[in-house]
Amino acid sequence: MVPVSQETGQGVSTIHEVLERVCPAMHIAEGFLPPAHAVAWGVASAPFVVHGVRSLTREVREHPESTLLLGASGAFTFVLSALKLPSVTGSCSHPTGTGLGAILFRPPVMAVLGTITLLFQALLLAHGGLTTLGANVFSMAVVGPWAGYAAYRLSRRSGLPLMAAVFAGAFVADLSTYCVTSVQLALAFPDPSGGFLGALGKFGTIFAVTQIPLAVSEGLLTVLVMRLLTQSSGGELARLGVLVAGKSSRAVAR
Amino acid sequence: MSRNARINGLLLLVVVALAVLPLALGLGDHKEEPFAGADGEAETAITEIEPDYEPWFSPLYEPPSGEIESALFALQAALGAGVLGYYFGLRRGRRQGAPRADESGAEGA
């Protein structure tokens, strides 16, 4: 452990050390956002979660048969955010798993499923926290799913095959989550010399490098699950608009 | 092995390789604590950026040891994996059962 007495702003190496140690924990730890920031992110996230609860209940009421697949999407997020994987920077981090559900059920639903996962980790694992829940929900359950969904839709529209688009969606959902986390940390803890942009540049660089291989892993795992889904649940994927109805799942799976 | 199973296996293999390579190549050797990923470190880090910063809230419950914490993480992964396994098992069972149900229905009629 490096003693805490080190001065701040003493050149790049100190800050890099500091950042390398911030970045492994994707979720901002309990009590580590100033109260004003914590409240602001909570206020920003709340409407998305409320809207998400509405779309989730509507989905379950109108299509009770999708409950199982909703559960599976939540379960995927549960598994992936529990997997702490080593990365090329010599740190560990974990994927988010929000891309799959966002592609299947659209992002609002993931605001709810992601929040449930974050609550579980905050309450039982002391990973993340209640005061930082708003900020963590905003990065992992709001921005991640929306950015991933946008990447997926754009890839589909530009004619990419389904699985390439799924990979892009999951990759972007994972990486954008960490980008938002670094923005949140940079806003709360600006660099003494470089200010917000200085802190953001440094946070962002290291976050991105650590997270890129994990985002690739998440993309591949999401493609794997989507391939299994096209084989097992073609009808449901067609109803959700992921598969084109009538096309054989085999052709699309490729 | 079918082409499908081979592609799935290959996907898993790449994921495993991405996780194992940093360990095998010793990419964490330059650090004091290689492959640490704890929130505790992030906490120290912010305290270093802003030495005056005092966390103003502490977790309601904290796992008493690293072992308990990894047990709870394993529980989280197991819950998720269990539900996923249930989903795919159910689907497979239904798909396999469907033709058989048709047959027995036809026999009964």
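A quick note: this is a predicted structure, and the numbers were derived from the prediction, not measured. Side-chain atoms are counted along with the backbone in the values below, which use heavy atoms only and exclude waters and symmetry mates. Lettering follows sequence order; numbering is per chain, from 1.
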Study note, to complete from the structure: Heavy-atom nearest pair, B/Phe73 first then A/Ser81, reads CE2-O, 4.2 Å
**Study point:** Atom group of B/Phe88 that falls short of 4.5 Å from chain A, counting heavy atoms
**Key:** side chain
Practice item. Indicate yes or no: at least one non-hydrogen side-chain atom of B/Gln76 is less than 4.5 angstrom from one of A/Thr117. Key: yes
Check your understanding: Checking A/Gln121 against chain B: side chain, backbone, both or neither under 4.5 Å from a heavy atom?
Key -> side chain
Check your understanding: Measuring heavy-atom distances to chain A, does B/Arg92 have an atom under 4.5 Å in its side chain, in its backbone, in both, or in neither?
Key -> neither
Review point. Looking just at side-chain N and O atoms, do A/Thr96 and A/Tyr178 make a donor-acceptor pair shorter than 3.5 Å?
Key: no
Review point. So what's closer than 4.5 Å to chain A heavy atoms on B/Leu12: side chain, backbone, both or neither?
Key: side chain
Revision key, fill the gap. The interface call for A/Leu224 against chain B, heavy-atom contacts under 4.5 Å, is both
Practice item. Go through A/Phe120 and A/Phe78 one step at a time and tell me if the ring pair (Phe, Tyr, Trp, His ring centres under 6.0 Å) criterion holds. Key: CA-CA 9 Å; A/Phe120 179 92; A/Phe78 244 62; 5.0 Å; yes
Check your understanding: Taking side chain as C-beta onward, heavy atoms only, is A/Ser87 less than 4.5 Å from A/Ser93?
Key -> no
Exercise for review: Report yes if some heavy atom in the side chain of B/Tyr87 is under 4.5 Å from a heavy atom in the side chain of A/Leu229; otherwise report no.
Suggested key: yes
Review point. Are the side chain of A/Asn136 and the backbone of A/Thr132 linked by a donor-acceptor contact shorter than 3.5 Å?
Key: yes
Review point. Between A/Leu85 and chain B, which part of the residue has a heavy atom less than 4.5 Å away: side chain, backbone, both or neither?
Key: side chain
Point to revise | Part of B/Leu90 lying under 4.5 Å from any heavy atom of chain A | key: side chain
**Study point:** Portion of A/Leu69 that has a non-hydrogen atom of chain B nearer than 4.5 angstrom
**Key:** both
Check your understanding: Which bit of A/Ala188 is near chain B, if near means a heavy-atom gap under 4.5 Å: side chain, backbone, both or neither?
Key -> backbone
Point to revise | Close side-chain approach of A/Glu236 to B/Arg91, heavy-atom, < 4.5 Å | key: yes
Review point. B/Gly80, B/Ala81, B/Ala78: which one forms the most heavy-atom pairs within less than 4.5 Å of chain A?
Key: B/Gly80
Review point. So what's closer than 4.5 Å to chain B heavy atoms on A/Leu80: side chain, backbone, both or neither?
Key: neither
